[in-house]
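Read through the structure below, which is laid out as structure tokens, and then see the notes.
Side-chain atoms are counted along with the backbone in the values below, which use heavy atoms only and exclude waters and symmetry mates. Labels below follow one simple rule: chain letters A, B, ... track the order of the sequence lines, proteins then strands, and each chain is numbered from 1. Here the structure is a predicted model, which is why all the values come from computation and not from measurement.
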Amino acid sequence: MCGRYALYGPVSRLRERFSANIDELAADFGPRYNAAPMQLLPVVRQRPSGERVVHLLRWGLIPGWAKDETIATRLSNARGETLAEKPAFRTAYRSRRCIVPASGFYEWKAIPGGKQPYYIQPANDELFGFAGLWERWTSPAGTPIDTFTVVTTEANESMRALHERMPVILQPGDDNLWLSRDTTPERFGQLIAPCPDAMLRMHPVSKAVGNVRNEGPQLIDASSDPQSQ
DNA sequence: CCAGACGTTGTT
DNA sequence: GTCTGG
DNA sequence: CCAGACGTTGTT
DNA sequence: GTCTGG
């Protein structure tokens, strides 16, 4: 899964962590604690020359053949197990892989009578790099739009307490293998796997994150009494 | 040949 | 765009 | 992911 | 219940 995440801190962090140049529009990106599908969010792409650039792309992939953009909301995630065959993803998987930077992400655990959101962040306080795919779609009016999706895999042991799926979180040393057009399908396919449990820590948060109109650092604060919310 | 689908999540 | 079903 | 809408006609 | 928007 992974349908909501946070990305905060100075944008220069992205330059350092991903060795990427920052596009002018992405440079204006401010701290976000409730990033949701349909929004413009920073994504790392690698040009054939090897240069990496952070651009703002819209979350929710629109395949090139789509007649309209309504499919986007349903393609905010892509199952890692079937990427290579699915018509919606296979061309992007072959040649348009990207990395989605995140400070952390949210996961909703089903509990009696509702759902309890949790915030999951890197144990080392660095940034996550989610494995992603991107596409360029041109509307009937002729307007091009770049979109992305987050690749998912089965949950590792600690995530399984919340949910059966989780985003593919790349090891920093694997960034280039995922982004490069020179990597063989066999090698970048091996990166689609649950990350080690030790990379993650998690805590329950307020249900306020459920509404995309809510925003701010309080959304990642530990909730004192999750059961009573 | 043309028409129609093409996806994920979670929940039932 | 490309594949499947009819 | 959750929240919120869930419609038609004609006209701009 | 199901789809769209954020």
Going by salt bridge (Lys or Arg N to Asp or Glu O under 4.0 Å), name the residues that satisfy it together with [X], two or more places apart in sequence or in a different chain.
{"X": "A:Glu81", "value": "A:Arg79, A:Arg165"}
{"X": "A:Arg47", "value": "A:Glu51"}
{"X": "A:Arg17", "value": "A:Asp175"}

Worksheet entry | Qualifying salt bridge (charged side-chain N to carboxylate O under 4.0 Å, His left out) pairs, either residue in residues 120-148 of chain A, two or more places apart |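 Found A:Arg45-A:Asp146, A:Arg96-A:Glu135, A:Asp125-A:Arg201, A:Arg136-A:Asp146.
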
Discussion item. Can you pull out every salt bridge (charged side-chain N to carboxylate O under 4.0 Å, His left out) where at least one residue sits in residues 210-219 of chain A? Sequence neighbours excluded, please.
Written reply: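 As it turns out, the salt bridge (charged side-chain N to carboxylate O under 4.0 Å, His left out) pairs with a partner in residues 210-219 of chain A, which skip direct neighbours, are A:Arg32-A:Glu215.
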
Practice prompt. Could you tell me which residues satisfy side chain to side chain donor-acceptor pair (under 3.5 Å) with A:Thr70, sequence neighbours excluded, listed by chain and number?
Written response: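 A:Asp68.
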
Practice prompt. Please report, rounded to the nearest Å, how far the C1' atom of B:dT9 is from the CG atom of A:Asn77.
Written response: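 Going from A:Asn77 (CG) to B:dT9 (C1'), I get 8 Å.
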
Worksheet item: Can you tell me if A:Arg15 and A:Asn21 form a side-chain donor-acceptor pair at under 3.5 Å?
Response: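 No pair is found: no donor N or O on one side chain lies under 3.5 Å from an acceptor on the other.
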
Item to complete: Could you tell me which residues satisfy ring pair (Phe, Tyr, Trp, His ring centres under 6.0 Å) with A:Phe89, sequence neighbours excluded, listed by chain and number?
Response: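 Partners of A:Phe89 by the ring pair (Phe, Tyr, Trp, His ring centres under 6.0 Å) criterion come out as none, since no residue qualifies.
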
Worksheet item: Expressed in whole Å, how much space separates the P atoms belonging to B:dT9 and D:dC2?
Response: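 B:dT9 and D:dC2 have their P atoms separated by 13 Å.
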
Practice prompt. Quote, to the nearest angstrom, the C1' distance that separates D:dT8 from B:dC6.
Written response: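 D:dT8 and B:dC6 have their C1' atoms separated by 31 Å.
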
Worksheet item: A:Trp65 on top of B:dC6's base, within under 5.5 Å and under 30°?
Response: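 Yes, A:Trp65 stacks on the base of B:dC6.
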
Item to complete: For DNA chain D, produce a single dot-bracket line, 5' to 3'. Pairs: Watson-Crick or G-U wobble, both distances under 3.5 Å. Symbols: ( ) within strand, [ ] crossing, | other strand, . unpaired.
Response: ||||||......

Worksheet item: Within the structure, does a side-chain N or O atom of A:Lys115 lie under 4.0 Å from either OP1 or OP2 of B:dT11?
Response: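 Yes.
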
Worksheet item: Under 4.0 Å between a side-chain N or O of A:Thr152 and OP1 or OP2 of B:dT9?
Response: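 Affirmative; the distance criterion is met.
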
Using a cut-off of under 3.5 Å, enumerate the N/O to N/O pairs linking the protein to nucleotides 4-6 of chain E.
unit_1: E:dT4; atom_1: OP2; unit_2: A:Arg74; atom_2: NH1; d: 3.1
unit_1: E:dG6; atom_1: N9; unit_2: A:Pro37; atom_2: O; d: 3.4
unit_1: E:dG6; atom_1: N7; unit_2: A:Pro37; atom_2: O; d: 3.0
unit_1: E:dG6; atom_1: N2; unit_2: A:Arg4; atom_2: NH2; d: 3.2

